[in-house]
Amino acid sequence: MSDLCPCGSGLAFEACCEPFLMAQAKPKTASQLMRARYSAYAMGSVEYLYKTSGPKVRKEFDAENSKRWAESARWNGIEITAMTGGDEGDETGTVEFVAHYAVKETDFKHHELAQFAKIDGEWRFIDGRIFSTDPIRREQPKIGRNDACPCGSGKKYKKCCQGTEAK
(Lines give C-alpha, C1' and ligand atoms only; values in the text may rest on other atoms or scores of the structure.)
Protein backbone atom coordinates (compact mmCIF):
# COMPACT_ATOMS: atom_id res chain seq x y z
CA MET A 1 0.00 0.00 0.00
CA SER A 2 1.21 3.52 -0.81
CA ASP A 3 2.16 5.93 1.97
CA LEU A 4 0.05 8.57 0.21
CA CYS A 5 -3.36 9.31 1.65
CA PRO A 6 -6.20 7.44 -0.11
CA CYS A 7 -8.14 10.73 -0.37
CA GLY A 8 -5.89 11.85 -3.23
CA SER A 9 -4.54 14.99 -1.55
CA GLY A 10 -0.99 14.04 -2.53
CA LEU A 11 0.04 14.19 1.14
CA ALA A 12 1.26 11.31 3.25
CA PHE A 13 -1.57 9.51 5.05
CA GLU A 14 -0.05 10.39 8.44
CA ALA A 15 -0.10 14.12 7.56
CA CYS A 16 -3.57 14.09 6.01
CA CYS A 17 -6.47 11.85 7.06
CA GLU A 18 -4.80 9.57 9.61
CA PRO A 19 -5.10 12.11 12.47
CA PHE A 20 -8.87 12.26 11.82
CA LEU A 21 -9.28 8.47 11.70
CA MET A 22 -7.20 8.10 14.89
CA ALA A 23 -9.27 10.81 16.71
CA GLN A 24 -6.18 13.02 17.09
CA ALA A 25 -7.80 15.87 15.14
CA LYS A 26 -11.22 16.86 13.80
CA PRO A 27 -11.99 17.98 10.24
CA LYS A 28 -12.46 21.76 10.02
CA THR A 29 -14.51 21.66 6.81
CA ALA A 30 -17.13 19.42 5.24
CA SER A 31 -14.76 18.56 2.38
CA GLN A 32 -12.06 17.46 4.87
CA LEU A 33 -14.63 15.18 6.50
CA MET A 34 -15.67 13.84 3.08
CA ARG A 35 -12.06 13.01 2.24
CA ALA A 36 -11.51 11.44 5.67
CA ARG A 37 -14.65 9.32 5.26
CA TYR A 38 -13.40 8.14 1.85
CA SER A 39 -10.08 7.23 3.47
CA ALA A 40 -12.01 5.40 6.20
CA TYR A 41 -13.65 3.23 3.55
CA ALA A 42 -10.28 2.62 1.91
CA MET A 43 -8.71 1.67 5.27
CA GLY A 44 -11.71 -0.31 6.55
CA SER A 45 -12.22 2.07 9.47
CA VAL A 46 -15.93 1.52 9.93
CA GLU A 47 -15.88 2.99 13.45
CA TYR A 48 -14.89 6.36 11.99
CA LEU A 49 -17.76 6.22 9.52
CA TYR A 50 -20.20 5.65 12.37
CA LYS A 51 -18.70 8.34 14.61
CA THR A 52 -18.88 10.98 11.86
CA SER A 53 -22.49 10.23 10.94
CA GLY A 54 -25.56 12.16 12.04
CA PRO A 55 -28.35 10.56 14.11
CA LYS A 56 -30.47 9.34 11.17
CA VAL A 57 -27.50 7.71 9.44
CA ARG A 58 -26.41 6.08 12.71
CA LYS A 59 -29.84 4.48 13.14
CA GLU A 60 -29.53 2.83 9.72
CA PHE A 61 -25.80 2.02 9.96
CA ASP A 62 -24.82 -1.64 9.52
CA ALA A 63 -21.20 -1.89 10.67
CA GLU A 64 -20.69 -5.53 9.67
CA ASN A 65 -21.93 -5.11 6.09
CA SER A 66 -20.15 -1.77 5.72
CA LYS A 67 -16.85 -3.34 6.76
CA ARG A 68 -17.33 -6.34 4.47
CA TRP A 69 -18.17 -4.08 1.51
CA ALA A 70 -15.28 -1.67 2.22
CA GLU A 71 -12.79 -4.54 2.41
CA SER A 72 -14.10 -6.15 -0.79
CA ALA A 73 -13.30 -3.06 -2.84
CA ARG A 74 -10.07 -1.61 -4.19
CA TRP A 75 -10.32 2.15 -3.64
CA ASN A 76 -8.99 4.15 -6.60
CA GLY A 77 -9.59 7.77 -5.62
CA ILE A 78 -12.14 10.47 -4.98
CA GLU A 79 -12.98 13.60 -6.96
CA ILE A 80 -14.64 16.52 -5.19
CA THR A 81 -16.65 18.08 -8.02
CA ALA A 82 -18.58 20.82 -6.18
CA MET A 83 -19.04 22.31 -2.72
CA THR A 84 -21.58 24.65 -1.20
CA GLY A 85 -20.87 26.02 2.26
CA GLY A 86 -19.08 23.64 4.58
CA ASP A 87 -16.26 26.01 5.50
CA GLU A 88 -14.96 26.50 9.04
CA GLY A 89 -17.48 29.24 9.87
CA ASP A 90 -20.48 27.46 8.33
CA GLU A 91 -22.98 25.22 10.09
CA THR A 92 -24.01 23.23 6.99
CA GLY A 93 -22.54 22.30 3.65
CA THR A 94 -22.81 19.98 0.68
CA VAL A 95 -20.05 18.15 -1.12
CA GLU A 96 -20.61 16.59 -4.53
CA PHE A 97 -18.11 13.84 -5.18
CA VAL A 98 -17.30 10.84 -7.31
CA ALA A 99 -15.68 7.90 -5.50
CA HIS A 100 -13.80 5.47 -7.73
CA TYR A 101 -13.45 1.85 -6.67
CA ALA A 102 -13.30 -1.65 -8.12
CA VAL A 103 -14.82 -4.92 -6.99
CA LYS A 104 -13.57 -8.15 -8.58
CA GLU A 105 -11.74 -6.22 -11.33
CA THR A 106 -14.88 -4.27 -12.30
CA ASP A 107 -14.55 -0.49 -11.98
CA PHE A 108 -17.34 1.55 -10.43
CA LYS A 109 -18.08 5.22 -9.83
CA HIS A 110 -20.22 6.35 -6.89
CA HIS A 111 -21.52 9.87 -7.60
CA GLU A 112 -23.22 11.54 -4.66
CA LEU A 113 -24.28 14.89 -3.25
CA ALA A 114 -23.50 14.58 0.46
CA GLN A 115 -25.07 16.81 3.10
CA PHE A 116 -23.08 17.79 6.18
CA ALA A 117 -23.91 19.73 9.32
CA LYS A 118 -22.13 20.65 12.52
CA ILE A 119 -23.44 18.83 15.58
CA ASP A 120 -21.94 20.00 18.86
CA GLY A 121 -19.34 21.89 16.85
CA GLU A 122 -18.18 18.87 14.79
CA TRP A 123 -18.91 18.10 11.15
CA ARG A 124 -21.20 15.09 10.57
CA PHE A 125 -22.48 13.35 7.45
CA ILE A 126 -26.26 13.88 7.50
CA ASP A 127 -27.57 12.41 4.25
CA GLY A 128 -26.71 11.89 0.62
CA ARG A 129 -28.38 11.82 -2.75
CA ILE A 130 -26.87 9.34 -5.17
CA PHE A 131 -26.79 10.24 -8.83
CA SER A 132 -27.63 7.16 -10.84
CA THR A 133 -26.87 6.63 -14.46
CA ASP A 134 -29.76 6.66 -16.87
CA PRO A 135 -30.92 3.24 -18.02
CA ILE A 136 -29.77 2.10 -21.45
CA ARG A 137 -32.52 2.69 -23.98
CA ARG A 138 -32.62 0.71 -27.20
CA GLU A 139 -32.98 2.54 -30.49
CA GLN A 140 -34.77 -0.46 -32.01
CA PRO A 141 -36.86 -3.27 -30.54
CA LYS A 142 -34.97 -6.19 -29.01
CA ILE A 143 -34.48 -9.16 -31.31
CA GLY A 144 -35.70 -12.40 -29.76
CA ARG A 145 -33.71 -15.61 -30.17
CA ASN A 146 -36.50 -17.17 -32.22
CA ASP A 147 -37.11 -14.13 -34.44
CA ALA A 148 -35.91 -14.06 -38.03
CA CYS A 149 -32.29 -12.92 -38.17
CA PRO A 150 -32.03 -9.26 -39.26
CA CYS A 151 -29.18 -10.11 -41.65
CA GLY A 152 -31.76 -11.53 -44.07
CA SER A 153 -30.49 -15.13 -44.08
CA GLY A 154 -33.94 -16.53 -43.35
CA LYS A 155 -32.59 -18.39 -40.31
CA LYS A 156 -33.62 -17.85 -36.72
CA TYR A 157 -31.49 -15.28 -34.92
CA LYS A 158 -30.22 -17.89 -32.41
CA LYS A 159 -28.91 -20.07 -35.27
CA CYS A 160 -27.35 -17.22 -37.20
CA CYS A 161 -25.91 -13.94 -35.92
CA GLN A 162 -26.72 -14.10 -32.19
CA GLY A 163 -23.62 -16.11 -31.40
CA THR A 164 -21.36 -13.85 -33.46
CA GLU A 165 -22.35 -10.40 -32.08
CA ALA A 166 -20.28 -8.67 -29.44
CA LYS A 167 -22.03 -8.75 -26.11
Side-chain angles (χ1 to χ4, degrees), residues 1-138 166-167:
M1 175 174 251
S2 171
D3 289 341
L4 292 178
C5 190
C7 81
S9 66
L11 299 172
F13 178 60
E14 63 198 23
C16 191
C17 290
E18 185 180 44
F20 302 139
L21 273 60
M22 302 299 291
Q24 297 167 345
K26 305 218 182 294
K28 294 179 180 166
T29 66
S31 63
Q32 276 186 332
L33 179 57
M34 183 67 251
R35 289 183 174 283
R37 287 177 60 86
Y38 177 86
S39 292
Y41 275 108
M43 305 299 283
S45 182
V46 175
E47 306 81 27
Y48 185 78
L49 297 170
Y50 180 80
K51 287 178 187 175
T52 58
S53 295
K56 179 184 171 206
V57 175
R58 285 182 177 188
K59 284 180 189 172
E60 300 169 356
F61 194 79
D62 182 340
E64 186 177 314
N65 280 331
S66 293
K67 187 160 185 76
R68 188 174 18 250
W69 180 74
E71 290 174 347
S72 74
R74 183 182 71 245
W75 298 90
N76 299 322
I78 184 171
E79 297 171 62
I80 305 291
T81 58
M83 294 182 295
T84 304
D87 289 326
E88 287 187 53
D90 295 325
E91 293 297 313
T92 63
T94 61
V95 177
E96 183 176 342
F97 69 94
V98 180
H100 300 271
Y101 65 98
V103 176
K104 295 183 181 176
E105 304 308 316
T106 301
D107 292 329
F108 294 95
K109 292 179 184 178
H110 175 85
H111 186 186
E112 183 175 330
L113 180 64
Q115 298 172 1
F116 296 89
K118 282 186 182 172
I119 298 176
D120 297 328
E122 295 180 19
W123 284 107
R124 297 281 188 263
F125 170 68
I126 301 301
D127 201 359
R129 181 171 59 93
I130 298 170
F131 295 97
S132 60
T133 56
D134 292 332
I136 297 171
R137 302 202 188 281
R138 297 178 186 278
K167 295 182 181 177

Show the numbers, then the answer: is there a salt bridge (Lys or Arg N to Asp or Glu O under 4.0 Å) between Glu71 and Lys67? CA-CA 6 Å; Glu71 290 174 347; Lys67 187 160 185 76; 3.2 Å; yes
If you apply the rule side chain to side chain contact (heavy atoms under 4.5 Å, CB included), what do you find for Gln32 with Trp123, and how did you get there? CA-CA 9 Å; Gln32 276 186 332; Trp123 284 107; over 6 Å; no
Worked verdict on His100 versus Glu79 for side chain to side chain contact (heavy atoms under 4.5 Å, CB included): CA-CA 8 Å; His100 300 271; Glu79 297 171 62; 2.5 Å; yes
Can you check side chain to side chain contact (heavy atoms under 4.5 Å, CB included) on Phe61 and Val46, steps first, answer last? CA-CA 10 Å; Phe61 194 79; Val46 175; 3.4 Å; yes
Determine, step by step, whether His110 and Phe97 satisfy the side chain to side chain contact (heavy atoms under 4.5 Å, CB included) criterion, reporting the C-alpha distance in whole Å, the side-chain angles of both residues, the deciding distance to 0.1 Å, and the verdict. CA-CA 8 Å; His110 175 85; Phe97 69 94; 3.8 Å; yes
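In this structure, Tyr101 and Trp69 have perpendicular ring planes: the angle between them is above 60°, well past the 30° mark.
For Glu60, the CD atom is densely surrounded, since the number of other residues' heavy atoms within 6.0 Å is greater than 12.
Listed here is the closest heavy atom pair of Arg58 and Lys51: NH2-O, 2.8 Å. Nearest heavy atoms, Pro6 versus Phe13: CD-CD1, 3.7 Å. Of all heavy-atom pairs between Ala70 and Tyr41, the closest is CB-O, 3.5 Å. Shown here for Asp107 and Ala102, the closest heavy-atom pair between the two residues is OD1-CB, 3.4 Å.
With rounding to the nearest 0.5 angstrom, the SG atom of Cys5 is 8.0 Å from the CE atom of Met43. If you take CZ on Arg74 and NZ on Lys104, they are separated by 14.0 Å, rounding to the nearest 0.5 Å. One distance of note links CG of Asp127 with OG1 of Thr94; it measures 12.0 Å at 0.5 Å rounding.
Counting heavy atoms from C-beta outward, Phe116 and Met34 have side chains that approach closer than 4.5 Å.
Between the side chains of Arg37 and Thr52, at least one donor-acceptor pair of N or O atoms lies under 3.5 Å.
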